[in-house]
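Working notes for the structure below.
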Amino acid sequence: MKRKLFTLLTVLLLALVGCSSEGSSGDGEPEKLDKIVLADAGWDSIRFHNSIAQRILEEGYGYDTEVTVGSTPATLEGLRQGDINVYMEVWTDNVKELYKEMTDAGDIEEVSTNFNDNSQGLYVPTYVIEGDEERGIEPLAPDLKTVEDLKKYPEVFPDPEDSSKGRIVGAPTGWAVNETMTAKYETYGLDETFSYISPGSDSSAVATLVDAYEKGEGWVGYYWSPTWVTAKYDLTLLEEPEYNEEQWNKDFGTAFPPNDVVVAVHKDMPEQAPEVVEFLKNYETSNDLTEEALNYMNENDASAEEAADWWMKQHEDIWTSWVPEDIAEKVKSSLE
Amino acid sequence: MGSFPDIRWDFLGKYVEKFIKWIDTTFEGFFDFIHLISSQTINGIDSFLSFIPWWLFLIIIFLLGWRFKSALSGVLYAFFIFLIGTFGLWDVLMITIAIVLTSVVISLIIGIPVGVWMAFSKKFSIIMRPILDAMQTMPSFVYLIPAIFFFSLGNVSAVFATLIYALPPVIRLTELAIRNVDEDVIESAQSFGSSRWQMLTKVQLPQALPTIMAGVNQTTMMALAMVVIASMVGAKGLGEQVLIAINRIDMALGFEAGISIVFLAIIIDRVTSGVANSFQKHRGS
């Protein structure tokens with residue numbers, strides 16, 4: 001009996017670890033860093049940007065680097081505590097409250113915007129609209145262009161739990177954007193003919209997409225780019241009215257505003273490694289530049305490191321402008 | 001020097017992947033059927049539980065505690081449930097109970113016959129043992145993905161994942177219980193000319209019941225331990241609240257949902273082990 005309870009408690013404790021890693025880091029003077037820890041929150045583009053930063057930090061500035069893997073909240077907490085020094089991709093909109101709390105308290109510092117021309121919203125596989133001759137798929141919803149058009153086609157996206165409705169795979173449970181998506185779902189009046197389900201995690205959402213995609217069935221759900229998913233599968237983003245702040249604040253009835261994906265550092269970094277912060281302040285890419293690398297990874301079955309090396313050779317002009325010339329030279333020679 | 005030679009066998013994982021996809025497309029209709037039945041069961045239990053007024057539910061919990069433990073325990077258990085209600089988690093509690101109950105019922109429907117068969121057939125038992133080990137030790141995230149392929153997002157996938165983890169104890173303990181039924185009892189039953197079916201239903205199963213109930217108890221606890229993981233495939237309930245709390249670093253909600261699961265575990269554990277004990281006493285007298 002005790003043992004079973006113990007097992008259960010352990011599971012719960014593990015589950016709660018994410019919520020309870022408060023306050024063990026010491027106070028006092030920040031020490032000089034000899035190792036820079038980056039956050040890997042589990043998706044490919046952050047790994048790719050990590051690899052670029054690592055290459056430059058190691059070869060250019062002579063730092064050791066390390067990557068800590070964890071969920072988004074866990075790694076953000078690590079950044080706040082100083083266990084992680086650099087976070088290459090904070091999707092600020094997705095962790096809005098937490099991020100605001102951390103920057104307001106001065107625990108972390110935003111140094112640059114990595115990119116903000118990314119898109120997010122409801123996607124459908126392109127064959128749903130256009131069909132796919134090669135695979136013999138007829139267009140299921142030929143006039144589907146906007147989110148509101150979905151109302152015409154609930155039967156294309158059947159909900160297995162309620163056959164009278166269609167189903168929208170929403171944003172993962174607990175992500176800030178999930179509330180936005182639920183609001184949109186009501187704003188666009190989709191609640192009459194569709195049900196909305198939050199997958200418990202990002203991978204669950206992708207699994208439903210892959211399943212539908214391989215069978216050539218209808219699927220509509222929340223996703224975002226740049227990701228390997230949007231690079232690998234031919235998806236179409238359903239249109240929404242153009243973003244305007246007033247409408248957005250009222251009922252979210254427009255397209256998403258640009259989501260700033262920023263580079264953030266722990267509060268002690270500017271003192272500990274000012275030259276690194278200087279470099280990170282210049283760090284700027286774009287959705288397309290990132291997706292190029294993701295595509296490369298996917299097509300060549302390449303690791304994030306290999307993609308970073310390839311990308312840095314392709315776009316020398318971009319990254320060399322982030323660092324002083326002597327550093328750029330060192331990095332360049334290491335790439336050859 | 002001492003590093004592993006350059007031999008790469010990567011077909012196993014790929015083969016499993018292909019196999020899963022083949023099953024998925026070939027037995028789609030079958031999975032839809034299972035999906036329909038399970039989701040009806042879960043929804044049925046859930047709407048029944050939501051239909052019961054809250055005070056009646058508390059009384060039922062009290063009576064269960066009183067009957068199988070003591071009046072004091074009954075009051076305590078009812079108070080636990082009341083507390084969960086005050087956290088604002090009443091409705092999600094009902095969904096969790098529905099999912100756990102459905103998983104346990106299906107576990108018993110599958111598990112007890114399999115256990116009986118294992119007790120009678122040594123060969124089957126030898127085949128099943130490593131499979132049961134695998135079911136218990138394979139990290140659950142691994143089979144969450146096929147669960148989604150087969151049953152799509154939602155409660156049914158959750159029940160499927162829970163089943164894989166919660167089935168083994170009831171199977172193992174049923175096998176053990178049937179095997180350990182006293183030889184003398186079986187011989188005397190034989191001498192009265194009982195058939196094999198009579199032997200099983202009238203002698204072996206009743207004799208084995210206390211141990212089987214211990215298996216039911218364990219299976220239920222394991223099902224409860226899975227609720228957080230199950231919510232990663234879109235199941236609602238207390239597990240989903242824990243998941244939301246994790247994703248937002250919301251310690252307050254995390255604690256409330258977490259302690260609610262603990263309360264539920266304590267109640268279910270005490271009541272089912274009380275049931276097991278009362279069977280034990282019956283046999284003793």
Side-chain angles (χ1 to χ4, degrees), chain A residues 1-5 7-22 71-74 76-77 80 94-95 97-98 101-102 158-163 167 169-170 172-176 178 195 197-212 214-215 217 221, chain B residues 21 24-25 28 32 35-36 39 43 141 144-158 217-218 220-222 224-236 239-255 257-259 261-262 265-266 269-270 273:
Chain A
M1 218 149 61
K2 273 196 185 130
R3 235 186 39 222
K4 274 162 280 152
L5 268 181
T7 324
L8 190 67
L9 279 171
T10 319
V11 170
L12 283 171
L13 274 178
L14 281 175
L16 287 171
V17 160
C19 318
S20 62
S21 47
E22 205 72 44
S71 63
T72 307
L76 271 176
E77 194 60 37
R80 158 144 69 177
N94 301 0
V95 288
E97 280 155 44
L98 186 63
E101 184 190 319
M102 286 181 175
D159 179 1
E161 312 224 323
D162 180 354
S163 50
R167 185 175 74 171
V169 178
T173 317
W175 288 19
N178 193 25
S195 53
I197 184 166
S198 295
S201 60
D202 169 23
S203 48
S204 300
V206 179
T208 58
L209 165 66
V210 173
D211 185 37
E214 286 182 1
K215 290 179 190 154
E217 290 170 354
Chain B
K21 286 190 174 158
D24 184 26
T25 41
E28 212 182 339
D32 288 349
H35 187 282
L36 188 73
S39 65
N43 290 342
F141 296 99
L144 284 183
I145 300 301
I148 295 173
F149 277 20
F150 297 161
F151 299 116
S152 189
L153 280 179
N155 294 337
V156 179
S157 287
N217 169 283
Q218 288 207 7
T220 318
M221 296 303 279
M222 297 217 160
L224 205 47
M226 280 292 284
V227 296
V228 174
I229 290 169
S231 66
M232 303 200 80
V233 287
K236 305 257 181 280
E240 189 193 23
Q241 301 299 314
V242 172
L243 204 62
I244 292 176
I246 294 172
N247 279 340
R248 294 201 190 145
I249 317 202
D250 182 341
M251 246 187 282
L253 177 63
F255 181 77
I259 199 78
I261 296 177
V262 175
I266 292 174
D269 178 65
R270 299 303 190 273
S273 66

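Heavy atoms only: backbone and side chains are in, while hydrogens, waters and symmetry mates are out.
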### Task
Could you look at V95(A) and say if it's the side chain, the backbone, both or neither that has a heavy atom under 4.5 Å from chain B?
neither
### Query
Are the side chains of N43(B) and E161(A) in touch, meaning some heavy atoms are under 4.5 Å apart?
no
### Task
Could you grab the distance from atom CG of D162(A) to atom OG of S39(B), nearest 0.5 Å is fine?
9.5 Å
### Message
Counting heavy-atom pairs under 4.5 Å with chain A, which one of T25(B), D32(B), I244(B), I148(B) comes out on top?
### Response
I148(B)
### Message
Is it true that, when you exclude E97(A) itself, more than 12 heavy atoms of the residues, nucleotides or ligands shown sit nearer than 6.0 Å to its CD?
### Response
no
### Task
Answer with side chain, backbone, both or neither: which region of S71(A) has an atom nearer than 4.5 Å to a non-hydrogen atom of chain B?
neither
### Query
Which atoms form the tightest heavy-atom contact between M232(B) and S204(A), and what is the distance?
O-OG, 2.5 Å
### Task
Heavy-atom distances under 4.5 Å only: say whether L153(B) touches chain A with side chain, backbone, both or neither.
both
### Message
With a 4.5 angstrom heavy-atom cut-off, is it the side chain or the backbone of T72(A) that approaches chain B, or both, or neither?
### Response
neither
### Message
Run the ring-ring contact (aromatic ring centres under 6.0 Å, His included) test against F149(B) and tell me which residues pass, sequence neighbours left out.
### Response
none
### Message
Heavy-atom cut-off 4.5 Å, strictly under: side chain, backbone, both or neither for Q241(B) against chain A?
### Response
neither
